[in-house]
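Quick note on labels: first sequence line is chain A, next is B, and so on, each numbered from 1.
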Protein chains: 2
Amino acid sequence: MTDVADVSVQPLLDYFNRLIPLSTEEKELIKSKFHSHLFLKKQFALQHGDVCEYFNFVVRGCMRLYMVDDKGVYHILQFATENYWILDLTSFHKKFPAKLNIDALEDTVVLRITHSDLLDLYIRAPKFDRIFRVLLENHFMLQQQRMVQLFSSTAEERYQLFLETYPHLLNRLSQVQIAAYLGVTPEFLSRIRSRMAKSDK
Amino acid sequence: MTDVADVSVQPLLDYFNRLIPLSTEEKELIKSKFHSHLFLKKQFALQHGDVCEYFNFVVRGCMRLYMVDDKGVYHILQFATENYWILDLTSFHKKFPAKLNIDALEDTVVLRITHSDLLDLYIRAPKFDRIFRVLLENHFMLQQQRMVQLFSSTAEERYQLFLETYPHLLNRLSQVQIAAYLGVTPEFLSRIRSRMAKSDK
DNA sequence: AAATAGCCTTAATCCAGATCAATGTTTTTT
DNA sequence: AAAAAACATTGATCTGGATTAAGGCTATTT
């Protein structure tokens, strides 16, 4: 009998297959270890202070990974839409209370695996060591690009780059979210936009 | 016959062994694939525009990974001293011209492996998929901590944290280097230090 | 349909850190 | 040992972006 969860594992199988082709047994393993979960808009997948229990793959929707600093300001480290991973890796691996939060900006479906099931997966099929190595490499490269950007460009340049890199996100996110991603206040982002609109004429 | 290079692979064997114990054959593989190289102070291991050919492990000395922005300002992403890894991962994997530079701040000995030898290592001993997965996880966590820090703290707080995290580096680096790591000018770092000296009394 | 809360913009003022400049100090090179 | 280069400090001035505040707009909620 095929249930809803079985069907929705497909995007993840496709994703892994694109990295390294999987055998039938490996596909079965994935089906047994990853479980789908729905987060409604504004629901938390992880709250600051809790341990991050899951490695999440977004099938549909959009989530954000962020921190809130001492002054209450939000800083978004990463958005995750279709086919992206999202978790607090430090908390997940070290079982530390998370410094980061994850919540849904839209109704979002994820496929997720627990830490112990992931370890079990590595033991049963060492190919997943390789797959997750590659996956981490990609994740690291994205994060490093972002750091280089934060270091070396002005808020306006960062916004321009955001528009070029994530055109599909522009209409899905409020300016409050985009500002928190760029590392500026919403007021200043508004100013950037009006400045750009003027000089575009 | 045992030569100098053989002897110096030991720190790397120790490092891997601490992550996951190695068999004799795996140790031999390491010895055949990693080669030591000496960089004199100020010598480049990677220059912006070239492809990053090596995955480097620092045995002795100190290197920095940095970028130079359009205005000629230096931004240091990472220092690597004894038992740290240093490379431009994006350039190494994608064979893109590097945006980053690596050079030696002291006379430095590294053990390094080429991209094709690393792929060969993964094929001959899948345990290295796991070892490098863990290694990348650690590298990612360090980088993310740094990003969170850059986002949410003032220059003075970042300097305090630098002192706590890397006390052994304070006397090995000039303030110019530390300032480029913190993301401020040397002038402003000097100011922070004098401010802190005053309030300590 | 009204009420409430969140979103976006504009303007006035403020501040952390940059820039420019001058001077002294330490290190490296010759 | 002298000269050159890099490093460190201090002061005056400037600026990108924050903060505060107010008004209009747009979604949810009731």
Side-chain angles (χ1 to χ4, degrees), chain A residues 40-43 62 64 66-76 103-107 149-163 169-201, chain B residues 40-43 62 64 66 68-76 79 103-107 149-163 169-201:
Chain A
L40 295 178
K41 187 170 176 173
K42 294 192 182 178
Q43 271 186 340
C62 182
R64 59 176 178 169
Y66 65 99
M67 69 167 304
V68 183
D69 71 20
D70 326 328
K71 287 153 222 142
V73 179
Y74 284 58
H75 303 275
I76 297 177
D103 65 13
L105 295 172
E106 307 171 354
D107 294 354
Q149 224 192 90
L150 277 173
F151 253 134
S152 62
S153 28
T154 63
E156 178 158 348
E157 288 163 344
R158 259 140 52 211
Y159 181 59
Q160 299 265 18
L161 211 68
F162 172 82
L163 292 182
L169 283 184
L170 181 61
N171 303 311
R172 288 170 71 174
L173 299 173
S174 72
Q175 287 181 217
V176 175
Q177 306 305 333
I178 297 175
Y181 178 81
L182 297 177
V184 297
T185 55
E187 290 91 335
F188 193 65
L189 177 55
S190 172
R191 200 143 303 201
I192 287 171
R193 285 162 55 89
S194 76
R195 224 189 270 156
M196 282 170 57
K198 256 178 225 161
S199 68
D200 271 4
K201 280 185 299 190
Chain B
L40 295 177
K41 188 172 175 170
K42 293 192 183 177
Q43 271 185 340
C62 182
R64 59 175 177 169
Y66 65 100
V68 184
D69 71 21
D70 326 327
K71 288 153 220 139
V73 179
Y74 284 57
H75 304 274
I76 297 177
F79 295 114
D103 65 14
L105 295 171
E106 307 171 354
D107 295 352
Q149 225 192 89
L150 277 173
F151 253 134
S152 63
S153 29
T154 64
E156 178 159 347
E157 287 164 345
R158 260 140 52 209
Y159 181 59
Q160 299 264 19
L161 211 67
F162 172 82
L163 292 181
L169 282 183
L170 181 62
N171 303 311
R172 287 170 74 174
L173 299 173
S174 72
Q175 289 182 214
V176 175
Q177 305 306 331
I178 297 174
Y181 177 81
L182 297 177
V184 297
T185 56
E187 290 93 331
F188 193 66
L189 176 55
S190 172
R191 221 148 289 212
I192 288 171
R193 285 163 53 89
S194 76
R195 221 189 273 156
M196 281 170 58
K198 255 177 226 160
S199 69
D200 271 6
K201 279 184 303 192

Which of D/dC7, C/dC7, C/dA18 is nearest the side chain of B/Val176? It is D/dC7
Out of C/dC8, C/dG17, C/dT9, minimum distance to the side chain of A/Arg193 belongs to C/dT9
Quick one: [X] [atom1] to [N] [atom2], roughly how many Å, whole number?
X	N	atom1	atom2	result
B/Leu173	D/dC7	CG	P	12 Å
A/Ile178	C/dC7	CD1	C1'	12 Å
A/Tyr159	C/dC8	OH	P	10 Å
A/Ile192	C/dT9	CD1	P	12 Å
B/Arg195	C/dG17	CZ	C1'	9 Å
B/Phe188	D/dA8	CZ	C1'	16 Å
B/His75	C/dG17	NE2	P	15 Å
A/Lys71	D/dT20	NZ	P	12 Å

| said: Is the ring pair A/Tyr74/A/Tyr66 parallel, tilted or perpendicular, if the boundaries are 30 and 60 degrees? | reply: parallel
Report task. Check whether any side-chain N or O of B/Gln175 sits under 4.0 Å from OP1 or OP2 of D/dT9, and answer yes or no. Result -> yes
Below 4.0 Å: OP1/OP2 of D/dA18 and any side-chain N or O of A/Thr185 = yes
- Describe the nucleic acid contact of B/Lys41 in one word from base, sugar-phosphate, nothing, applying a heavy-atom distance below 4.0 Å. sugar-phosphate
* Asked: Is any side-chain N or O of B/Arg191 under 3.5 Å from a base N or O of D/dG11, one able to act as donor and the other as acceptor?
  -> yes
Given the options A/Lys41, A/Arg172, A/Lys42, A/Glu106 meets salt bridge (Lys or Arg N to Asp or Glu O under 4.0 Å) only with A/Arg172
d(A/Glu187 CD, A/Gln175 CD) to nearest 0.5 Å is 11.0 Å
Quiz item: Do A/Gln177 and A/Arg64 get their side chains close enough for a donor-acceptor pair, meaning under 3.5 Å?
Solution: yes
When every non-hydrogen atom of B/Leu189 is compared with those of B/Tyr159, the smallest separation belongs to CD1-CD1, 3.7 Å
Between B/Glu187 and B/Thr154, the residue closer to the 5' end of DNA chain C by nearest nucleotide is B/Thr154
